[in-house]
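All values reported here derive from a predicted model rather than from experimental measurement.
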Amino acid sequence: MATGHTDPRRRARIIAATLDLIADEGVAGVSHRKIAARAGVPLGSMTYHFGGIDELLREAFRHFTDHMVALFDAHLAPPADREQARAAVADLVHALSEGSGRDLVLTQELYTLAARRPAFRELTHAWTARSRCHLERHFDPGTARQLDALIEGLILHRALAREPHDRELTLEAVTRITATGR
């Protein structure tokens with residue numbers, strides 16, 4: 001394995017290992033030593049690339065929220081009209097709730113951290129603002145705000161339910177929320 005400055009992907013591997021560790025053990029299980037071992041880097045790399053565990057967590061969650069906004073973009077950029085946008089939102093809910101569960105766990109870990117620590121709350125505010133921008137391409141700002149909350153709730157309920165609701169119910173809920181406005 002490359003070392004030092006000859007390893008240009010080291011920082012990215014540390015961030016990826018941090019997210020993997022959070023997904024497996026939660027934020028409470030994060031330590032420099034565990035992350036370095038997962039990333040396959042010397043322990044000293046942790047403080048070389050990040051000023052501390054909070055900076056690393058912020059950067060890892062920033063990377064995660066970028067990933068989530070990219071998923072919103074992939075689903076919500078193509079629709080040409082309101083009906084297609086509704087279907088795309090339903091598809092997004094089902095894609096995120098039927099996946100590996102990693103994104104769901106990381107989302108909840110970020111929300112829990114943000115509820116306790118205002119510095120992380122800024123990440124969630126920025127994330128929701130970016131998500132709403134995608135929704136506002138198709139819906140007015142008030143509807144986009146309600147729809148954003150609905151998406152989060154539907155994803156969580158579907159992912160954790162013994163018998164998740166079907167796509168038709170998701171589409172019905174999205175249609176009801178988006179029935180007014182532009």
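In this structure, the side chains of Thr178 and Val89 stay at 4.5 Å or more apart for every pair of heavy atoms. Between Leu150 and Gln146, the closest side-chain pair of non-hydrogen atoms is not below 4.5 Å. Between Ile35 and His32, every side-chain heavy-atom pair lies at or beyond the 4.5 Å cut-off. Counting heavy atoms from C-beta outward, Asp140 and Glu136 have side chains that stay 4.5 Å or more apart. You'll find the side chain of Leu113 stays beyond 4.5 Å of the side chain of Leu123, heavy atoms only.
Leu71 and Val105 fall into different hydrophobic clusters, defined by Ile, Leu, Val, Met, Phe, Trp and Tyr side-chain heavy atoms under 4.5 Å apart, directly or through other members. Note on Leu169 and Val174: separate hydrophobic clusters, where clusters join Ile, Leu, Val, Met, Phe, Trp and Tyr whose side-chain heavy atoms are under 4.5 Å apart, directly or indirectly. Follow the hydrophobic side-chain contacts under 4.5 Å out from Leu96 and you never reach Leu171; the two are in separate clusters.
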N/O donor-acceptor pairs under 3.5 Å from side chains in residues 15-25, not counting sequence neighbours:
unit_1, atom_1, unit_2, atom_2, d
Thr18, OG1, Ile14, O, 2.8
Asp20, OD1, Arg102, NE, 3.4
Asp20, OD1, Arg102, NH2, 2.7
Asp24, OD2, Arg38, NH1, 2.9
Asp24, OD2, Arg38, NH2, 2.8
Glu25, OE1, Lys34, NZ, 2.9

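Across Val69 and Ser131, no two heavy atoms sit closer than the pair CG2-OG, 4.3 Å. Among all heavy-atom pairs drawn from Ala85 and Phe139, the shortest one is CB-CZ, 3.8 Å. What you find for Gln84 and Pro78 is that their closest heavy atoms are OE1-O, 4.4 Å. Between Gly40 and Arg13, the closest heavy-atom pair is O-NH2, 3.8 Å.
Evaluation of the salt bridge (Lys or Arg N to Asp or Glu O under 4.0 Å) test over residues 125-135, restricted to residues two or more places apart or in two chains, returns Asp66-Arg130, Arg132-Asp148. Residues in residues 62-88 take part in these ring-ring contact (aromatic ring centres under 6.0 Å, His included) pairs, two or more places apart or across chains: Phe64-Trp127.
Residues satisfying the ring pair (Phe, Tyr, Trp, His ring centres under 6.0 Å) criterion with Phe61, sequence neighbours excluded, are absent altogether. Scanning for side-chain hydrogen bond (donor to acceptor under 3.5 Å, both in side chains) contacts around Asp166 gives an empty result, with sequence neighbours left out. Residues satisfying the salt bridge (Lys or Arg N to Asp or Glu O under 4.0 Å) criterion with Arg145, sequence neighbours excluded, are absent altogether. Evaluation of the side chain to side chain contact (heavy atoms under 4.5 Å, CB included) rule for Ala77 yields Asp73, Arg137 as partners, not counting sequence neighbours. Take Arg121 and apply the side-chain hydrogen bond (donor to acceptor under 3.5 Å, both in side chains) test, not counting sequence neighbours, and it matches no residue. In this structure, the side-chain hydrogen bond (donor to acceptor under 3.5 Å, both in side chains) partners of Glu59, at least two apart in sequence or on a different chain, are Arg62. Residues forming a salt bridge (Lys or Arg N to Asp or Glu O under 4.0 Å) with Arg86 (at least two apart in sequence, or on another chain): Glu83. Here Asp103 pairs with nothing under the salt bridge (Lys or Arg N to Asp or Glu O under 4.0 Å) rule; sequence neighbours left out. With sequence neighbours left out, the side-chain hydrogen bond (donor to acceptor under 3.5 Å, both in side chains) criterion links Arg158 to His94, Ser97, Glu98.
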Apply side chain to side chain contact (heavy atoms under 4.5 Å, CB included) to Leu106 and Met68, showing your working. CA-CA 10 Å; Leu106 289 171; Met68 295 300 288; over 6 Å; no
Could you walk me through whether Val93 and Arg167 satisfy the side chain to side chain contact (heavy atoms under 4.5 Å, CB included) test, starting with their C-alpha distance in whole Å, then the side-chain angles of each, then the deciding distance to 0.1 Å, before giving a yes or no? CA-CA 9 Å; Val93 167; Arg167 189 179 181 287; over 6 Å; no
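In this structure a side-chain-to-backbone donor-acceptor pair under 3.5 Å is present from Thr112 to Gln108. Between the side chain of Glu55 and the backbone N or O of Phe50, no donor-acceptor pair lies under 3.5 Å. Under a 3.5 Å cut-off, the side chain of His138 and the backbone N or O of Leu76 do form a donor-acceptor pair.
If you take CG on Leu92 and CD1 on Ile155, they are separated by 5.5 Å, rounding to the nearest 0.5 Å. Between atom CZ of residue Arg58 and atom CZ of residue Arg117 there is a gap of 8.0 Å, rounded to the nearest 0.5 Å. To the nearest 0.5 angstrom, Glu152 atom CD is 9.5 Å from Leu104 atom CG.
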